[in-house]
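What follows is a single structure, written as structure tokens, with notes after it.
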Number of protein chains: 2
Amino acid sequence: MLSKTAEYALRATIYIALKGSEDNKLGIEEIAQGIDSPKSFTAKILQLLTQNNRVISSVRGPNGGFFLTDRARKLPVKAILEAVEEESVITKCVLGLKECSETRPCPMHTQYKAIKKQLKQMFEKTSIQQLVDEFNKGNYFIDNLKGVRKPC
Amino acid sequence: MLSKTAEYALRATIYIALKGSEDNKLGIEEIAQGIDSPKSFTAKILQLLTQNNRVISSVRGPNGGFFLTDRARKLPVKAILEAVEEESVITKCVLGLKECSETRPCPMHTQYKAIKKQLKQMFEKTSIQQLVDEFNKGNYFIDNLKGVRKPC
DNA sequence: GTAAAAAAGGACACAAATATCCTTTTTTAA
DNA sequence: TTAAAAAAGGATATTTGTGTCCTTTTTTAC
């Protein structure tokens, strides 16, 4: 469904949103461990996510690291996919036809259309913050980050 | 969503089901042209689909080629994905977590579950023949195969 | 039984995705 | 103002997916 790049992008962003803040920036080491991904490769992906101040913010030097602004937390999950150029899932034809449309549909078009619509909605209507909230209800996981309620 | 391999596998199978029969076997040349795919690569994929007499049948030598038996036409589309080992779309976690389940769900699990279920149903409940029927209603396309009603 | 046609199979080539490593730049704190 | 910490960036390696080519095997028609 998604490439490793996109998976790591999603996991990393959610991880940073969950454990980090402007006062508590996270280093690439911790992030990669937290989401069980290769460190250097993940670093590259985070670069994509920070470019043009898109989804993730970063600061260099001591006490530097990655974090999400409040603005970024409101972004739809789709913004993460856009940053790593992986939107094809919600646009492409299942059979990979170049021309597949309402007026020139492939044999699976009608059935797949409904599914694609829901995928699109999931990525567009769900914000990063919503995933954080969901997670904080407890019982959710991201690799090495267990979903336990933060102490009040 | 799907790999090129899977896309070609689907396109080729549908094409053969549409244009071929036991009396009118199709050659790799025609198939590749018909679905706009690289010939030799497609040949390899058809090998996967014929192995163990799975989805596609083939005969060597003059007048040989590929065709689908009536039995094969009743197979679900999923059988094509199985042949090329591309079932992960309907099983994997969106975030790519090794352990993501009802008891240990990722933050997107609940939402994605519904979509995965529909994907699964689409591939399991739709038979190759159904796609052929759909196509023969007219107006459908597979690259170089236009969906026009066969002459009666 | 020989030649031709067609798929099957093996080996290789190329490209893209994934992954690693090292250097450079920025920033902070002492 | 210097040393250390951290991300950014560049270069390269590895693996997987995609694609090509050539030989072998099977089958048919003559």
Side-chain angles (χ1 to χ4, degrees), chain A residues 1-13 15-16 20 22-33 35-68 81 83-86 88-89 96, chain B residues 1-13 15-16 20 22-33 35-68 81 83-86 88-89 96:
Chain A
M1 165 67 81
L2 296 177
S3 65
K4 291 264 179 202
T5 297
E7 288 175 1
Y8 296 154
L10 291 168
R11 302 227 291 268
T13 305
Y15 188 90
I16 296 166
E22 185 137 19
D23 306 323
N24 180 33
K25 307 186 195 78
L26 306 183
I28 186 62
E29 185 80 55
E30 176 186 350
I31 297 166
Q33 286 212 357
I35 67 169
D36 189 27
S37 69
K39 192 176 69 169
S40 299
F41 188 46
T42 306
K44 291 273 185 257
I45 296 166
L46 293 191
Q47 279 180 40
L48 294 174
L49 286 158
T50 51
Q51 249 144 44
N52 305 107
N53 202 22
R54 281 167 173 285
V55 179
I56 295 178
S57 306
S58 69
V59 173
R60 297 189 194 189
N63 280 317
F66 300 92
F67 67 99
L68 263 75
L81 298 183
V84 296
E85 290 178 321
E86 184 102 358
S88 60
V89 245
Chain B
M1 165 68 83
L2 295 177
S3 65
K4 291 267 177 201
T5 297
E7 288 176 0
Y8 296 152
L10 290 168
R11 303 227 291 268
T13 305
Y15 187 91
I16 296 166
E22 183 136 17
D23 306 323
N24 179 33
K25 308 188 193 76
L26 306 182
I28 186 63
E29 186 81 55
E30 175 185 351
I31 297 166
Q33 286 212 357
I35 66 168
D36 189 26
S37 69
K39 192 175 70 166
S40 299
F41 189 46
T42 307
K44 290 272 185 261
I45 295 166
L46 292 191
Q47 280 181 40
L48 294 174
L49 286 158
T50 52
Q51 249 142 44
N52 307 105
N53 203 24
R54 282 167 173 285
V55 179
I56 294 178
S57 305
S58 69
V59 174
R60 298 188 193 189
N63 281 315
F66 300 92
F67 66 99
L68 263 76
L81 298 183
V84 296
E85 289 177 323
E86 185 100 359
S88 60
V89 245

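Letters A, B, ... are given to chains in the order of the sequence lines, protein chains preceding strands, and every chain is numbered from 1.
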Between Asn63(A) and dA29(C), does any side-chain N or O lie under 4.0 Å from OP1 or OP2? yes
Leu2(B) CG to dT18(D) C1', in whole Å, measures 16 Å
Between Ser58(A) and dA8(D), is there a side-chain N or O to OP1/OP2 distance below 4.0 Å? yes
Measure CG/Leu46(B) against P/dA8(C) and give the value in whole Å, please. 8 Å
Rounded distance (Å) that lies between atom C1' of dA19(C) and atom CD of Glu7(A): 15 Å
Rounded to whole Å, how long is the line connecting atom NZ of Lys44(A) with atom P of dA16(C)? 19 Å
Hey, what do you get for CZ (Phe67(B)) to OG (Ser57(B)), rounding to the nearest 0.5 Å? 4.5 Å
Given atom CZ of Phe41(B) and atom P of dA11(C), what is their separation to the nearest angstrom? 19 Å
Presence of Tyr8(A) side-chain N/O under 4.0 Å of dA19(C) phosphate oxygens OP1/OP2: yes
To the nearest angstrom, how far is Ile45(A) atom CD1 from dG9(D) atom P? 15 Å
Using whole Å, report how far CD of Gln47(B) lies from C1' of dC21(D). 14 Å
Nearest whole angstrom, please: distance from the C1' of dA8(C) to the CD1 of Ile56(B). 14 Å
Considering just the side-chain nitrogens and oxygens of Thr5(B), establish if one lies under 4.0 Å of OP1 or OP2 belonging to dT18(D). yes
